[in-house]
Visitor: 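Pasting in a structure now, in structure tokens, and then I'll have a few things to ask.
These figures come from a predicted structure and were not determined experimentally.
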Amino acid sequence: MKLYSLSVLHKGETKSNLLKSAYDLSSFSFFQRSSVQEFMTFTSALIVERSAHGSRASVKEQEYLCHVYVRNDSLSAVVIADSEYPQRVAFTLLDKVLEEFSRQVDSIDWPSGNPETINYKALDIHLAKYQNPREADAMTKVQAELDETKIILHNTMESLLERGEKLDDLVQKSEHLGNQSKAFYKTARKQNSCCEVM
């Protein structure tokens with residue numbers, strides 16, 4: 001069980017704005033880490049943009065699960081984990097981070113803030129603490145509203161996209177991804193598609 005990324009974003013009218021993020025990319029090769037990090041940032045932003053206010057969802061992308069919580073005040077958080085990580089603990093983490101972030105960072109800074117200007121240092125600590133869900137779960141109680149909220153599981157990233165949209169097209173248009181990451185995506189996509197045929 002592993003957590004790879006934890007991000008706090010603001011959901012704007014058309015785009016989401018990354019406010020702060022933390023990553024644990026130790027399981028990836030050194031040369032892949034920057035591209036993997038860019039894709040996690042891109043994926044987190046895309047999921048927040050496509051999620052409704054006041055919603056929680058889990059989106060499956062290959063062997064990963066992206067858990068998102070978009071509050072009614074547009075403050076949002078995404079955690080990217082492997083598929084074995086317990087969903088309930090992931091949402092407990094998102095609740096805790098958003099509650100703490102909203103107390104420490106003034107809401108006037110959410111729409112225009114960025115990772116350099118936002119003063120919130122706890123994401124790395126939470127990402128490390130929640131790597132072991134059994135320890136983390138013993139320290140926190142699941143909030144009652146979580147049980148009352150319907151959590152949607154999207155089978156694939158494609159099901160989250162609008163009709164006629166393709167992930168490949170969004171990757172090409174993305175401002176979050178550099179040319180090296182786009183090339184990495186194309187290569188990975190080709191290798192995955194050749195393996196599916198066999």
Side-chain angles (χ1 to χ4, degrees), residues 1-12 14-51 58-69 76-85 90 93-94 97-98 101 105 109-110 112-132 154 156-158 160-161 165-196:
M1 286 182 266
K2 182 127 179 94
L3 294 177
Y4 299 101
S5 122
L6 176 58
S7 304
V8 177
L9 304 97
H10 176 263
K11 179 180 172 64
T14 57
K15 290 175 65 175
S16 60
N17 181 35
L18 180 66
L19 298 173
K20 214 66 174 169
S21 57
Y23 302 92
D24 181 346
L25 304 176
S26 58
S27 59
F28 297 95
S29 82
F30 177 78
F31 298 105
Q32 291 178 320
R33 288 179 188 168
S34 65
S35 292
V36 168
Q37 182 173 325
E38 283 184 4
F39 267 101
M40 289 184 178
T41 302
F42 165 77
T43 301
S44 297
L46 181 64
I47 290 171
V48 167
E49 288 165 11
R50 302 305 163 91
S51 297
S58 295
V59 180
K60 187 173 180 1
E61 175 58 21
Q62 297 178 17
E63 68 268 22
Y64 306 104
L65 269 176
C66 308
H67 305 285
V68 61
Y69 177 22
S76 313
V78 177
V79 64
I80 299 177
D82 64 16
S83 57
E84 295 174 14
Y85 197 88
L93 170 59
L94 294 177
V97 165
L98 289 178
F101 188 93
V105 179
D109 295 328
W110 300 351
S112 60
N114 64 59
E116 288 77 38
T117 63
I118 297 294
N119 186 21
Y120 177 73
K121 299 180 178 10
L123 276 189
D124 288 309
I125 296 164
H126 289 309
L127 187 65
K129 184 189 288 187
Y130 276 77
Q131 287 298 341
N132 183 345
H154 295 279
T156 63
M157 182 65 105
E158 278 71 28
L160 190 65
L161 301 177
E165 272 187 321
K166 291 192 170 105
L167 186 57
D168 294 348
D169 296 338
L170 291 173
V171 166
Q172 287 305 326
K173 294 177 192 174
S174 172
E175 299 168 9
H176 296 286
L177 300 174
N179 289 334
Q180 182 181 357
S181 295
K182 290 177 183 178
F184 174 78
Y185 171 80
K186 284 183 185 176
T187 304
R189 198 71 153 173
K190 284 179 189 174
Q191 287 178 343
N192 286 342
S193 66
C194 79
C195 298
E196 291 170 5

Visitor: So does L19 get a backbone contact from the side chain of W110, meaning a donor-acceptor N/O pair under 3.5 Å?
Guide: no

Visitor: Heavy-atom distance under 4.5 Å between the side chains of V48 and V68, does that happen here?
Guide: yes

Visitor: Find the distance between CG (L98) and OG (S76) and round it off to the nearest 0.5 Å.
Guide: 7.0 Å

Visitor: With a 3.5 Å distance limit and no angle check, can you tell me whether E49 reaches the backbone of K15 through a side-chain donor-acceptor pair?
Guide: no

Visitor: Kindly compute the distance separating CD (E63) from CD (E84), expressed to the nearest 0.5 Å.
Guide: 11.0 Å

Visitor: Would you check, one step at a time, whether the test side chain to side chain contact (heavy atoms under 4.5 Å, CB included) holds for V78 with H67?
Guide: CA-CA 6 Å; V78 177; H67 305 285; over 6 Å; no

Visitor: Between L25 and Q32, is the side chain to side chain contact (heavy atoms under 4.5 Å, CB included) condition met? List the steps.
Guide: CA-CA 9 Å; L25 304 176; Q32 291 178 320; over 6 Å; no

Visitor: Could you give all pairs that pass the salt bridge (Lys or Arg N to Asp or Glu O under 4.0 Å) test and reach residues 31-44, with sequence neighbours left out?
Guide: none

Visitor: As a quick check of understanding, evaluate side chain to side chain contact (heavy atoms under 4.5 Å, CB included) for I118 and F101, giving each step before the final call.
Guide: CA-CA 10 Å; I118 297 294; F101 188 93; 3.7 Å; yes

Visitor: Ignoring hydrogens and geometry, is there a side-chain-to-backbone donor-acceptor pair from T117 to G113 under 3.5 Å?
Guide: no

Visitor: Run the side-chain donor-acceptor check on residues 2-10: report pairs under 3.5 Å with partners two or more places apart or on a different chain.
Guide:
residue: K2; atom: NZ; partner: D24; partner atom: OD1; Å: 3.3
residue: K2; atom: NZ; partner: D24; partner atom: OD2; Å: 2.8

Visitor: Within the side chain of K60, is there an N or O that forms a donor-acceptor pair under 3.5 Å with the backbone of Q62?
Guide: yes

Visitor: OG1 of T14 to NZ of K11: how many Å apart, nearest 0.5 Å?
Guide: 9.5 Å

Visitor: Look up atom CD in E61 and atom CD1 in I47, then write down how far apart they are to the nearest 0.5 Å.
Guide: 8.0 Å

Visitor: Just verifying a value: how many Å separate Y120 OH and D109 CG, rounded to the nearest 0.5 Å?
Guide: 15.0 Å

Visitor: Mark yes or no for whether K20, through its side chain, and P115, through its backbone, hold a donor-acceptor pair below 3.5 Å.
Guide: yes

Visitor: Looking at CG of L65 and OG of S58, how far apart are the two atoms once the value is rounded to the nearest 0.5 Å?
Guide: 6.0 Å

